[in-house]
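Below: one structure, written as structure tokens.
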Number of protein chains: 2
Amino acid sequence: MKPKITLKKIAKEFEVSISTVSKALKGSHEISVELKEKIQAFAKLYHYKPNSIAVRLQNQQTKVIGVVVPDIVHHFFSTVIRGIEEETNKRGYSVMICLSNESYEKEMMNIEMFTNGSVDGLIVSISKETQAKNDYSHFNDLLEDGFPLVMFDRVNDNFKCDKVIIDDVGGAFNATNHLLDIGCKNIALITTPRHVTVGSLRREGYEKAHLKRGMSINENSIIEINETEDLGEQISKLFISNPPDGIFAVNELYAVTAMNRAREKGFRIPDDISVIGFTDGPISQLSLPPLTTVVQHGFTMGKQVAELLLNRIESKEELEPQKIVISTNLKIRKSTKSI
Amino acid sequence: MKPKITLKKIAKEFEVSISTVSKALKGSHEISVELKEKIQAFAKLYHYKPNSIAVRLQNQQTKVIGVVVPDIVHHFFSTVIRGIEEETNKRGYSVMICLSNESYEKEMMNIEMFTNGSVDGLIVSISKETQAKNDYSHFNDLLEDGFPLVMFDRVNDNFKCDKVIIDDVGGAFNATNHLLDIGCKNIALITTPRHVTVGSLRREGYEKAHLKRGMSINENSIIEINETEDLGEQISKLFISNPPDGIFAVNELYAVTAMNRAREKGFRIPDDISVIGFTDGPISQLSLPPLTTVVQHGFTMGKQVAELLLNRIESKEELEPQKIVISTNLKIRKSTKSI
DNA sequence: CTGTTAGCGCTTTCAC
DNA sequence: GTGAAAGCGCTAACAG
């Protein structure tokens with residue numbers, strides 16, 4: 001690669017000082033038109049661009065924000081990131097993304113790396129391993145230093161930092177309620193282990209909807225998916241005895257797998273079993289039948305997250321931490337009976 | 001946010017020089033044990049971290065690589081990015097991602113931004129708009145300066161830079177060939193407009209497979225999808241007169257939509273029509289029936305891309321541009337008849 | 001053992 | 001009109 005062209009080199013070329021070149025390139029009126037034109041032409045010819053690292057060192061800000069997410073091959077997260085990108089770009093920032101791969105170790109390293117001055121602020125969604133370990137010590141320094149931080153979706157309530165979450169309880173409540181409305185008597189819940197916060201929140205909504213109608217929860221209708229084992233087989237157990245007439249699954253994958261397994265067992269969707277998922281991804285629309293689902297508005301969420309962070313970064317005073325809840329809505333497709 | 005702690009401040013605190021502090025924190029044996037311990041304890045207490053911007057300015061490298069992709073809400077691209085992340089992290093680099101959103105303008109701005117010293121090298125997959133305009137002038141400066149650049153998937157053959165591509169022709173050939181093998185006589189192709197390189201390459205493979213058997217191509221069996229119009233309706237036209245007994249679609253979405261539409265028209269999959277898609281995403285496995293598809297190995301691709309780039313960055317000499325072709329394989333599921 | 005100095009590329013203030 | 005100098009935070013060669 002060719003050595004980069006710098007102000008210094010241009011200055012030497014024209015036998016003027018560095019500051020003259022700097023001013024000339026900025027079009028300053030202090031410099032003679034003639035010299036300005038010559039310098040600008042030369043700079044263009046050699047593709048001069050001010051070294052952003054030097055500029056950043058100068059004004060002590062990077063105009064970059066860091067994002068640490070568990071995964072990117074996941075429709076919800078990539079949608080949120082799109083929202084973050086859009087908003088940050090609009091306000092003159094760039095985005096640096098690191099993946100934790102659901103690993104505590106990688107999450108810690110990513111955060112460590114980001115907070116050495118690489119970025120002006122940080123957006124994090126916590127990894128599953130971190131949630132399982134319940135160890136958040138790697139955030140302590142950030143919090144003590146008042147480093148601009150926004151958490152989204154998978155958050156920890158004990159932190160005083162900005163948070164943006166989906167109304168998981170409400171979404172699950174609405175979904176379950178809808179199943180109840182269309183006449184389901186035995187609604188199964190397919191969810192994650194309890195330590196995954198979104199899973200337990202959605203379970204809460206599911207329970208609430210039952211409670212509100214004075215219905216009790218049948219623990220046998222709830223399956224917690226163990227991700228290390230085969231998904232289909234775990235779900236199949238639902239249909240062995242006392243099969244449900246409604247299923248609420250905490251994500252698309254579980255929902256569609258449940259539909260497919262149910263159909264294998266001879267159940268018709270939605271005639272015998274109505275199914276609702278969470279997260280409106282590509283699978284929902286293309287599944288057979290198209291899946292009724294709780295829409296999460298990831299893009300909106302991303303924009304909100306970015307807005308919160310940038311406001312904090314650019315604010316003079318210390319801001320009080322905020323918590324924003326993004327509400328969901330139920331997108332009714334063909335996997336649920338109509339009333 | 002609290003002001004960042006610097007060597008200078010620590011130096012003042014202990015009334016020693018900056019370099020003493022620097023050495024102490026590095027554990028240099030030049031410094032007395034006593035002083036080292038005091039300084040290190042102090043630094044830890046105040047969360048001192050060397051400012052990476054200053055370090056980067058110093059050694060003239062950022063240890064960051066930039067990635068410009070059209071989209072991230074797309075299983076293939078996010079898989080590739082995962083591969084890139086994995087490989088670069090392993091070698092001590094971080095990744096900065098920008099989205100072009102399939103826009104020429106944004107692509108140009110992203111590249112412009114990245115080449116101001118923010119990153120040591122660049123990975124790009126070209127946007128659709130750029131391909132349509134066929135204007136690649138925003139890469140000229142990079143190429144002239146010998147800036148480390150690797151293109152993947154959507155590449156331009158006229159550039160002399162490293163490239164990693166999928167064997168689109170071969171994959172499409174195999175897919176079409178398989179349909180022919182199982183007895184299909186009239187194979188429809190659902191593809192993109194010609195300017196999308198991967199689309200036209202896959203068409204080439206489709207044609208090749210026919211030619212090899214001395215079969216001619218029926219232009220009526222080929223539909224080019226116009227993305228601004230309704231997908232389902234465009235595909236439905238296939239089934240009006242002379243319906244196909246095989247379909248090869250250049251992506252998952254087209255394939256699954258075709259299956260769904262075909263079924264609506266009363267065709268059975270795979271008994272009446274066998275269908276093959278391209279890209280092995282989440283949809284393929286969950287569709288009904290599960291889709292036979294050309295597997296792209298995005299993760300492997302990402303690793304290769306990163307490897308190529310890092311080798312170039314770290315190499316002393318000028319390397320000759322390489323072109324790596326990642327071969328595909330056919331994953332046979334239930335959407336195609338068995339022989 | 002500790003300090004001085006120069007320099008990375010750039011901006012900005014102040015002299016000339 | 002042009003240039004000199006300081007400084008952003010850090011490293012490293014060299015001096016004491």
*Indicate whether OP1 or OP2 belonging to dT11(D) is found under 4.0 Å from a side-chain N or O atom of Lys26(B).*
yes
*Counting only distance, no hydrogens or angles, is the base of dG9(C) paired donor-acceptor with the side chain of Lys49(A) under 3.5 Å?*
no
*Establish, with yes or no, whether the OP1 or OP2 oxygen of dT2(D) is under 4.0 angstrom from a side-chain nitrogen or oxygen of Ser17(A).*
no
_Spacing between Ile10(B) atom CD1 and dT2(C) atom C1', to the nearest angstrom_ = 17 Å
*Bracket string, DNA chain D, 5' to 3' - pairs by Watson-Crick or G-U geometry under 3.5 Å, | interstrand*: ||||||||||||||||
*Identified side-chain hydrogen bond (donor to acceptor under 3.5 Å, both in side chains) counterpart of Thr130(A) within the set Glu107(A), Arg154(A), Glu105(A), Glu102(A)*: Glu107(A)
*Tell whether Lys23(A) reaches the base of dG3(D) with its side chain through a donor-acceptor pair below 3.5 angstrom.*
yes
*asked:* If I take atom CG in residue Asn59(B) and atom P in nucleotide dA12(D), what distance separates them, rounded to the nearest angstrom?
replied: 8 Å
*Is there a side-chain contact between Thr20(A) and Phe14(A), using heavy atoms and a 4.5 Å cut-off?*
no
_From C-beta outward on Val16(A), which listed nucleotide comes closest to its side chain: dC10(C), dG3(D), dG9(C)?_
dG3(D)
*asked:* Strictly below 4.0 Å: does Lys9(B) bring a side-chain N or O up to OP1 or OP2 of dG9(D)?
replied: no
*Counting just side-chain N and O atoms, does Ser22(A) come under 4.0 Å of either OP1 or OP2 of dT11(C)?*
yes
*Just wondering, more than 12 heavy atoms not from Phe159(A) lying within 6.0 Å of its CZ?*
yes
_Nucleotide nearest Leu35(A) (side chain, heavy atoms from C-beta), chosen from dC8(D), dT2(D), dC10(D)_ = dT2(D)
*Go through the steps for Val95(B) and Leu99(A) under the test side chain to side chain contact (heavy atoms under 4.5 Å, CB included), then give the verdict.*
CA-CA 10 Å; Val95(B) 176; Leu99(A) 310 180; over 6 Å; no
*Over how many whole Å does the gap from Leu7(B) atom CG to dT11(D) atom P extend?*
6 Å
*For Phe14(A), report the nucleic acid contact type (base, sugar-phosphate, nothing); a contact means any heavy atom under 4.0 Å.*
nothing
*Rounded to the nearest Å, what distance is computed from the NZ atom of residue Lys8(B) to the C1' atom of nucleotide dC8(D)?*
8 Å
*Asn51(A) versus Arg56(B), side-chain donor and acceptor atoms under 3.5 Å*: no
*Between the base of dG7(C) and the side chain of Gln58(B), is there a donor-acceptor distance below 3.5 Å?*
yes
*Write down the distance between CD1 (Ile53(A)) and C1' (dT11(C)), rounded to a whole number of angstrom.*
16 Å
_Spacing of Ile31(A) atom CD1 relative to dT12(C) atom P, expressed in whole Å_ = 14 Å
*Rounded distance (Å) that lies between atom C1' of dG9(D) and atom CD of Gln61(A)*: 16 Å
_Which nucleotide wins on minimum distance to the side chain of Asn51(B), given the candidates dT2(C), dG9(C), dC10(D)?_
dC10(D)
*Is it true that Arg82(A) and Glu85(A) make a salt bridge, defined as a side-chain N closer than 4.0 Å to a carboxylate O?*
no
*Could you walk me through whether Phe139(B) and Met108(B) pass the side chain to side chain contact (heavy atoms under 4.5 Å, CB included) check?*
CA-CA 8 Å; Phe139(B) 287 99; Met108(B) 198 173 67; over 6 Å; no
*For the residue pair Asn101(B) and Ser103(B), confirm or rule out a side-chain donor-acceptor distance under 3.5 Å.*
no
_Both Glu30(B) and Tyr48(B) contact DNA chain D. Taking the nearest nucleotide for each, which residue is further toward the 5' end?_
Tyr48(B)
*Measure from the side-chain heavy atoms of Gln60(B) and tell me the nearest of dC8(C), dG3(D), dC10(C).*
dC8(C)
*To the nearest Å, how far apart are Ile18(B) CD1 and dC1(C) P?*
22 Å
*Would you say a side-chain N or O of Thr20(A) is under 4.0 Å from OP1 or OP2 of dG3(D)?*
yes
*N/O donor-acceptor pair, side chain Ser19(B) with base dT4(C), under 3.5 angstrom*: yes
